[in-house]
Number of protein chains: 2
Amino acid sequence: MTTAQGARERARNEVTAAIKEAARRQLAAEGAAKLSLRAVARELGMVSSALYRYFPSRDELLTALIIDAYDALGAAAEKARHAAGEAAPVDCFIAVCEAVRTWALTHPHEYALIYGSPVPGYAAPETTVPAAARTGVVLIGVFRDARQGPGLDELPLSAELRPEAARLAAEIAPDLPPEVAAAMVAAWAQLFGLVSFELFGQFNNVIEDRERFFRHAVTGLARGAGLR
Amino acid sequence: MTTAQGARERARNEVTAAIKEAARRQLAAEGAAKLSLRAVARELGMVSSALYRYFPSRDELLTALIIDAYDALGAAAEKARHAAGEAAPVDCFIAVCEAVRTWALTHPHEYALIYGSPVPGYAAPETTVPAAARTGVVLIGVFRDARQGPGLDELPLSAELRPEAARLAAEIAPDLPPEVAAAMVAAWAQLFGLVSFELFGQFNNVIEDRERFFRHAVTGLARGAGLR
DNA sequence: TCTAAAGCAAGAGCAGTGCTCTTTTTTGTG
DNA sequence: CACAAAAAAGAGCACTGCTCTTGCTTTAGA
């Protein structure tokens with residue numbers, strides 16, 4: 001059952017990988033909206049209908065690319081977190097943020113695929129959730145570690161938001177206090193606001209020294225979330 | 001020259017408006033990627049090729065819609081700023097933020113059009129810049145007013161970023177000190193990070209009470225930018 | 001008032017898209 | 001080797017944006 005049907009399955013996996021690779025190339029060249037099954041097939045020297053043996057629809061292909069993108073970004077974040085090691089929490093946070101930004105700048109179309117406007121009529125299936133969570137988990141880890149040492153300031157939390165924050169903490173990080181969970185999620189969203197603005201051209205004619213500006217903004221983000 | 005050629009021009013303007021309206025309806029229903037000239041033409045009972053008399057290409061139609069969207073968002077922000085009147089700077093800021101969020105939630109596709117992933121191969125022409133700036137100008141106004149009273153805290157600014165911040169301030173708000181300009185732009189980007197995350201589904205299964213969470217996050221944003 | 005110019009709609013057609021269906025070819029295995 | 005399962009091919013459908021040509025209608029100037 002393993003090596004017996006292996007030959008066929010191996011071939012299938014190889015073709016699947018080749019399709020994804022070609023699609024990714026085309027994604028990088030033209031963007032998600034112009035990803036065409038026919039062009040992918042053309043590049044691989046097969047007929048367009050043959051692709052449907054491997055991906056039941058264009059959306060399924062997109063889903064596969066989305067998962068890969070989430071995973072790649074998550075891996076980059078994890079690597080940065082690991083490299084930062086035992087540095088001060090705020091520096092760990094900044095390191096992860098810069099990894100996210102760097103990955104986004106080197107893979108703009110894949111970033112747009114996962115953090116840009118959702119493709120209309122396309123709802124990301126549950127399959128993408130674990131991959132999507134990886135980057136968030138890294139961020140959670142930074143805050144968790146900060147709480148071990150004295151690297152986390154007290155944070156205000158209005159009575160109004162307390163129930164939601166408690167629910168949120170129970171959901172994503174039961175060992176973190178509600179106010180920390182809330183601050184973290186906010187910082188997470190704001191980080192991607194910075195990256196998206198830079199990537200999507202909103203900083204054109206506004207920010208020149210993007211690198212330094214990002215570092216500055218992200219430092220503020222970290223402090224605002226209680227890290228030091 | 002005014003009323004003489006008026007009949008033709010008037011008809012032309014009316015048709016142009018009708019096209020934009022139909023396109024906007026379709027945009028709201030299906031999203032930018034599925035905006036089809038043929039469908040718009042069908043809705044108006046004209047033939048598709050006739051549309052090209054009014055908009056030289058699909059992109060030009062999109063540009064018109066983009067400008068309208070920027071203007072609508074800017075108007076919403078201005079209205080909120082005006083309604084907030086002489087309130088505390090932090091409250092003015094929050095009011096504008098909530099107006100942005102509300103507009104985005106009621107016009108998701110138009111929001112995605114202007115703050116989502118850029119359409120590949122399509123570069124927003126210079127024409128969109130003034131409209132795009134309106135919301136930013138409102139935000140600048142909040143900070144400017146805050147500086148009249150005692151509503152603005154001192155902000156840190158690393159020596160590293162000082163030149164960029166000075167350049168930035170000179171560019172967008174010469175009467176504001178560099179550190180304020182930098183903080184404002186960062187807050188601006190982060191605001192849209194919050195809105196985009198909510199709108200693009202990144203908060204699904206994460207944040208329940210979006211309204212309150214947004215208020216909390218945006219309050220933190222304001223304080224982080226020195227408002228009080 | 002008559003005519004020439006400008007404006008506009010229509011239609012045909014090109015090259016491309018996702019997707020489905022049927023037929024043919026390949027291929028690993030009993 | 002023969003056979004059944006898997007893969008590929010091909011034709012075709014209903015779309016898309018866009019271009020070009022052909023006529024008709026309105027308008028403006030002589």
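Below, chain A is the first sequence line, B the second, and so on; all start at residue 1. Keep in mind the model is a prediction, meaning the values are calculated, not measured.
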[X]: which residues meet the side-chain contact (heavy atoms from CB on, under 4.5 Å) condition with it, sequence neighbours left out?
| X | value |
| --- | --- |
| A:D175 | A:R144, A:A173 |
| A:L105 | A:R101, A:E198, A:L199 |
| A:T102 | none |
| B:A99 | B:A80 |

- Item | Protein-to-nucleotide contact annotation, 5' to 3' order, nucleotides 10-18 of chain D [B base; S sugar-phosphate only; - none; under 4.0 Å, heavy atom] | B-B---BBB
Quick one: list whatever passes side chain to side chain donor-acceptor pair (under 3.5 Å) with [X], sequence neighbours left out.
| X | value |
| --- | --- |
| B:N205 | none |
| A:E164 | A:R167 |
| A:D68 | A:K20, A:R24 |
| A:H107 | A:W103 |

Is there any protein nitrogen or oxygen under 3.5 Å from a nitrogen or oxygen in nucleotides 24-26 of chain D, and what are the pairs?
{"from": "D:dT26", "atom 1": "O2", "to": "B:R8", "atom 2": "NH2", "distance (Å)": "3.2"}

- Contacts satisfying ring-ring contact (aromatic ring centres under 6.0 Å, His included) that involve residues 50-83 of chain A (not counting sequence neighbours) are A:Y70-A:Y115
- Strictly below 4.0 Å, heavy-atom distances to any atom of DNA chain D: list the hits from residues 17-27 of chain A, or just say none.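 Output list: empty, so none.
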